[in-house]
Amino acid sequence: MCVDAVQFAEPPLAALTEFRRVLTPGGRLALTCWEAVDPADDRVPVRIQAVDLRRDLARAGFTDVEVHERPVWRQAERDLWEQAVAAIDPDPAVLSLQEEGRRSLDTFDSLRRVFATATAP
Ligand SMILES: C[S@@+](CC[C@H](N)C(=O)[O-])C[C@H]1O[C@@H](n2cnc3c(N)ncnc32)[C@H](O)[C@@H]1O
């Protein structure tokens, strides 16, 4: 299982290849991340521009690759950031969270939430 971290590998394909290496034959991978709604949109962070799970899970040799959008999860993220930004609290940690929330909300519609599963052959 890999939750919201595969985008930090350079490139993400390297992590997917490693997941395949460590899985026993028949082992299953479950992975969450974000992908660009439009890969040509320059508001999308470079790390996320590099994520294409359907393409790269196949390139890494996985079978039974399924990648599904999760709009309800994405909406939960929006709710989280909106509530964080609306909070009134001078704590530096909250102020930092609000900064990230404002940045995320500014370009929110440029990303979609995805959930992928695949099998190591
Ligand atoms: C969005 S967080 C998700 C963390 C955790 N999976 C979770 O759901 O709480 C992304 C994580 O990726 C880690 N990370 C960043 N660069 C990494 C790298 N090159 N290799 C492994 N992990 C990395 C960060 O430290 C961070 O913990």
Side-chain angles (χ1 to χ4, degrees):
M1 180 178 75
C2 177
V3 176
D4 299 349
V6 74
Q7 72 276 18
F8 291 109
E10 295 181 22
L13 176 59
L16 301 180
T17 303
E18 178 66 1
F19 296 155
R20 190 198 154 189
R21 187 187 70 80
V22 299
L23 279 167
T24 193
R28 297 276 290 157
L29 172 69
L31 193 152
T32 66
C33 198
W34 298 263
E35 287 184 345
V37 170
D38 172 5
D41 183 345
D42 60 13
R43 296 175 307 154
V44 174
V46 171
R47 287 185 192 288
I48 301 296
Q49 283 176 15
V51 177
D52 184 334
L53 295 177
R54 196 179 302 281
R55 177 196 67 197
D56 285 347
L57 284 165
R59 282 186 183 167
F62 282 95
T63 60
D64 305 324
V65 172
E66 290 194 32
V67 181
H68 295 290
E69 196 166 341
R70 285 286 185 265
V72 174
W73 297 1
R74 190 70 179 136
Q75 181 60 45
E77 269 182 85
R78 186 191 285 274
D79 294 346
L80 179 153
W81 289 130
E82 285 176 348
Q83 288 178 40
V85 167
I88 297 170
D89 188 330
D91 185 310
V94 176
L95 297 177
S96 171
L97 183 73
Q98 290 180 319
E99 221 176 275
E100 185 170 349
R102 275 190 284 274
R103 274 201 314 274
S104 298
L105 289 168
D106 274 352
T107 57
F108 199 82
D109 294 331
S110 64
L111 303 186
R112 58 198 193 96
R113 212 53 174 101
V114 287
F115 174 59
T117 53
T119 303

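Both ligands and their constituent atoms are indexed starting at 1 by order of listing.
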*Would you mind checking which non-hydrogen protein atom is closest to atom 23 (C) of ligand 1, with the distance to 0.1 Å?*
Phe8 CB, 4.2 Å
*Within the structure, does at least one protein heavy atom fall under 4.0 Å of atom 25 (O) of ligand 1?*
no
*asked:* Is it the case that the side chains of Gln75 and Asp79 hold a donor-acceptor pair, with the cut-off being a distance below 3.5 Å and no angle test?
replied: yes
*asked:* One thing to verify: whether Asp56 and Arg59 come together as a salt bridge, which I'm taking to mean a side-chain N less than 4.0 angstrom from a carboxylate O.
replied: yes
*Counting only non-hydrogen atoms of the protein, does one fall under 4.0 Å from atom 17 (C) of ligand 1?*
yes
*Right, does atom 3 (C) of ligand 1 have protein non-hydrogen atoms nearer than 4.0 Å?*
yes
*asked:* Taking Asp38 first and then Arg43, would you say they form a salt bridge - that is, a charged N and a carboxylate O separated by under 4.0 Å?
replied: no
*asked:* Ring of Trp34, cation from Arg112 - is the NZ or CZ under 6.0 Å from the centre and inside 45° of the axis?
replied: no
*How close does the nearest protein non-hydrogen atom get to atom 1 (C) of ligand 1, and which residue and atom is it?*
Asp4 O, 3.3 Å
*Are any non-hydrogen protein atoms located under 4.0 Å from atom 8 (O) of ligand 1?*
yes
_Check: Pro92 main-chain N/O paired with Ser96 side-chain donor or acceptor under 3.5 Å_ = no
_For atom 6 (N) of ligand 1, the protein heavy atom that lies nearest, with its residue and separation_ = Val3 O, 2.8 Å
*Could you check atom 11 (C) of ligand 1 against the protein and tell me its nearest heavy-atom contact, residue, atom and distance included?*
Ala5 CB, 4.1 Å
*Would Phe108 and Trp81 count as a close aromatic pair, with their ring centres under 6.0 Å?*
no
